[in-house]
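Below is one structure, written out as C-alpha cells; the observations come after it.
No hydrogens, no waters, no symmetry mates; every other heavy atom, side chains included, goes into these values. Please read all numbers here as calculations on a predicted model, not as lab measurements. In what follows, chains are A, B, ... by sequence order, proteins preceding strands, each numbered from 1.
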Number of protein chains: 2
Amino acid sequence: MDETSDGSPTEEWQPGRIPADLDATNLRILDVLREDGRISISALAQRVGISRANAYTRFEALRANGVIIRFTAQVDPVRAGLGVCALIFVTVRQQMWRQFRNQLALMPEVEYCAITTGQHDAMIQIRVRDVATVHHLVTHRLASIPAVKATETVFILDEVLRRPFILPSDERPLPAPQPAAETGPSPLGSMRFVRANAGRADLGGL
Amino acid sequence: MDETSDGSPTEEWQPGRIPADLDATNLRILDVLREDGRISISALAQRVGISRANAYTRFEALRANGVIIRFTAQVDPVRAGLGVCALIFVTVRQQMWRQFRNQLALMPEVEYCAITTGQHDAMIQIRVRDVATVHHLVTHRLASIPAVKATETVFILDEVLRRPFILPSDERPLPAPQPAAETGPSPLGSMRFVRANAGRADLGGL
DNA sequence: GTTGAAATTAGTACGAA
DNA sequence: TTCGTACTAATTTCAAC
C-alpha cells in the first residue's frame, strides 16, 4: 500500500497521473464487467474473490472516478438494420474545428469520430441502412458543412474484431509460439509512420 | 420454442433479411439499454411504456436473436492507463487472410479491426500505455506476421465522438436549419470515394 | 399482452477482525 | 480496508386474467 497521503475526497483526476487506484482487484472487476455488464454485485464479488461490501465500494468508486463511463448494450448493427458501415476521412478547414464538432453531434449516423495525425485530419465511422445513404451523407450533408474541406470514403467489408475495451492487464495468451528463425527483427521494410500535414499543429478551437 | 439440435436460438437469422421483429417498441428498448445497460426490467418496462412481462419477453428475445450481443461497461481508456491510441492501416498479403485474423486474435492491444476497401486492406485500432509501445508493436509484432505486407500508422489526438451503437430510429435532432440558398447540391467538389486496389476482390480464406 | 401474488435477490447498515 | 451478518426494499418469477 502506498502512503502518499492522498486524503482528497472523490480524488480529482489529473491528465498526467497514472491511476493508482487501479490495482489488480479493480482490473479483475473491469474484466468481469466487460463480458457481463449486467452481473449482480454479489456474483461479481464471488467471481473476483472479494466480499459483497468490498465489491460495492469498488464498483461505486470506479463509476465515481470516471473509469467506468457507463453501462451499455452491445448491438449487432446488421441485425439492427444498419448493414452498411463506412469510414470517412475528413480534411477540416483550419480554425473551424468547433463548427465541425458541433455539426457532427447533429449527425446520428456517426458512431465514432477521432482527430488523427497523418494525411487527413479526422476519421468518422458511420452506420447506415444502404450504400445510397452513404453517398448522400458524404456528398450532401458533409459537403454542406463549411468546416469540411475534403473527404475520402472507404467501405468496411467485414469487422474482424470488436472488443468493448482493453485493459492494461490484458496479456498475450500465447507467448509467440513461432519458430525462432522467424522471430527476429522485421523481415519487411515497409512499416510507415505518417506525420501530420504542415500547419496541422493548430487545432483551432478544439 | 422450436428445438433445433443444439438449442440454437429461435428463428434462424439470414443475412439478407430485414429484421421484422424490430418494431418501434424494441427500438425504444434498445435506446434505453444503450444509455443504461444495467437498468432493471421493471424500470425498463416503465420507461418504454409496456408491462413487465412484455419487457422480459422482448428483452430475452433480443438477446436470443443476437440483436443484443452482450452487455458491457464503457471504460475511459485514459483513466484505465491506456493513454495512447493509434490506427494502423495494413496491407495484407493475398490469401493469407486467415493467418492475419488468427494473429490479430492473439494481440490484446487491438480493440477493433475491420477489412476495408481503398488503398489498404484493413484498419486496426490499438490502445497502449505509451508511444514507444506503438512503435514496438508495429515494427516488431506486426512486422513479424507474414500476412502483413505493409502498414501505415496514424495517431489519434482526440476522440470527438464515441457512441455505443446507433439505431435506425435515430434521427437528426434538427432538420437542416440552414438558409435555403446553401442547401443545394454540394458546394465543394472534393468528395472522393476510394475503391479497392486491383485484385482486392479476392478475400482469400476470409 | 397485462396484472397481481409469492419467492428470491439486491442494496444498505451496522459491528468485528 | 476488508469481511460477515442482519434488515429493508426491490426485483424476478410464476400464476391467472
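Non-hydrogen atoms lying under 4.0 Å from DNA chain D are contributed by B:Ser40, B:Ile41, B:Ser42, all within residues 27-46 of chain B. Proximity of residues 50-58 of chain B to DNA chain C (heavy atom under 4.0 angstrom from any strand atom) is restricted to B:Ser51, B:Arg52, B:Ala53, B:Asn54, B:Arg58.
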**Request:** Begin from the C-alpha positions of A:Val90 and A:Glu152 and carry the test side-chain contact (heavy atoms from CB on, under 4.5 Å) through to its verdict.
**Result:** CA-CA 7 Å; A:Val90 182; A:Glu152 198 164 315; over 6 Å; no
**Request:** Verify side-chain contact (heavy atoms from CB on, under 4.5 Å) between A:Thr116 and A:Asp121, making sure each step is shown before the conclusion.
**Result:** CA-CA 5 Å; A:Thr116 66; A:Asp121 296 322; 6.0 Å; no
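A perpendicular orientation is assigned to the rings of B:Trp97 and B:Phe100, their planes being inclined by more than 60° (bins at 30° and 60°). Aromatic ring orientation, A:Phe193 versus B:His135: tilted (interplanar angle from 30° to 60°).
A salt bridge does not link A:Arg162 to B:Glu111: none of the charged side-chain nitrogens sits closer than 4.0 Å to a carboxylate oxygen.
Residue pairs meeting the side chain to side chain donor-acceptor pair (under 3.5 Å) criterion with at least one partner in residues 55-64 of chain B, sequence neighbours excluded, are B:Asp23-B:Arg58, B:Asn26-B:Arg58, B:Asn54-B:Arg58.
First and last contacts of DNA chain C with chain A, using any nucleotide atom under 4.0 Å from a protein heavy atom and ordered 5' to 3', fall at C:dA10 to C:dT12.
Put simply, the residue from A:Arg127, A:Gln125, A:Arg141, A:Arg129 that forms a side-chain hydrogen bond (donor to acceptor under 3.5 Å, both in side chains) with A:Glu109 is A:Arg141.
Relative to the ring axis of B:Phe71, A:Arg38 places its NZ or CZ within 45° and under 6.0 Å from the centre. A cation-pi arrangement is present between A:Arg34 and A:Phe165, with the terminal nitrogen or guanidinium carbon under 6.0 Å from the aromatic centre and inside a 45° cone about the axis.
With hydrogens and angles ignored, the 3.5 Å screen pairs no side-chain donor or acceptor of B:Thr153 with any backbone N or O of B:Ile88.
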**Fill in**
Dot-bracket assigned to DNA chain C with the 3.5 Å Watson-Crick/G-U criterion, [ ] for crossing and | for other-strand pairs, is .||||||||||||||||
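Residues B:Val67 and A:Asp76 form no side-chain contact, since every pair of their non-hydrogen atoms from C-beta on lies 4.5 Å or further apart.
Evaluation of the side chain to side chain contact (heavy atoms under 4.5 Å, CB included) rule for A:Ala53 yields A:Ser51 as partners, not counting sequence neighbours.
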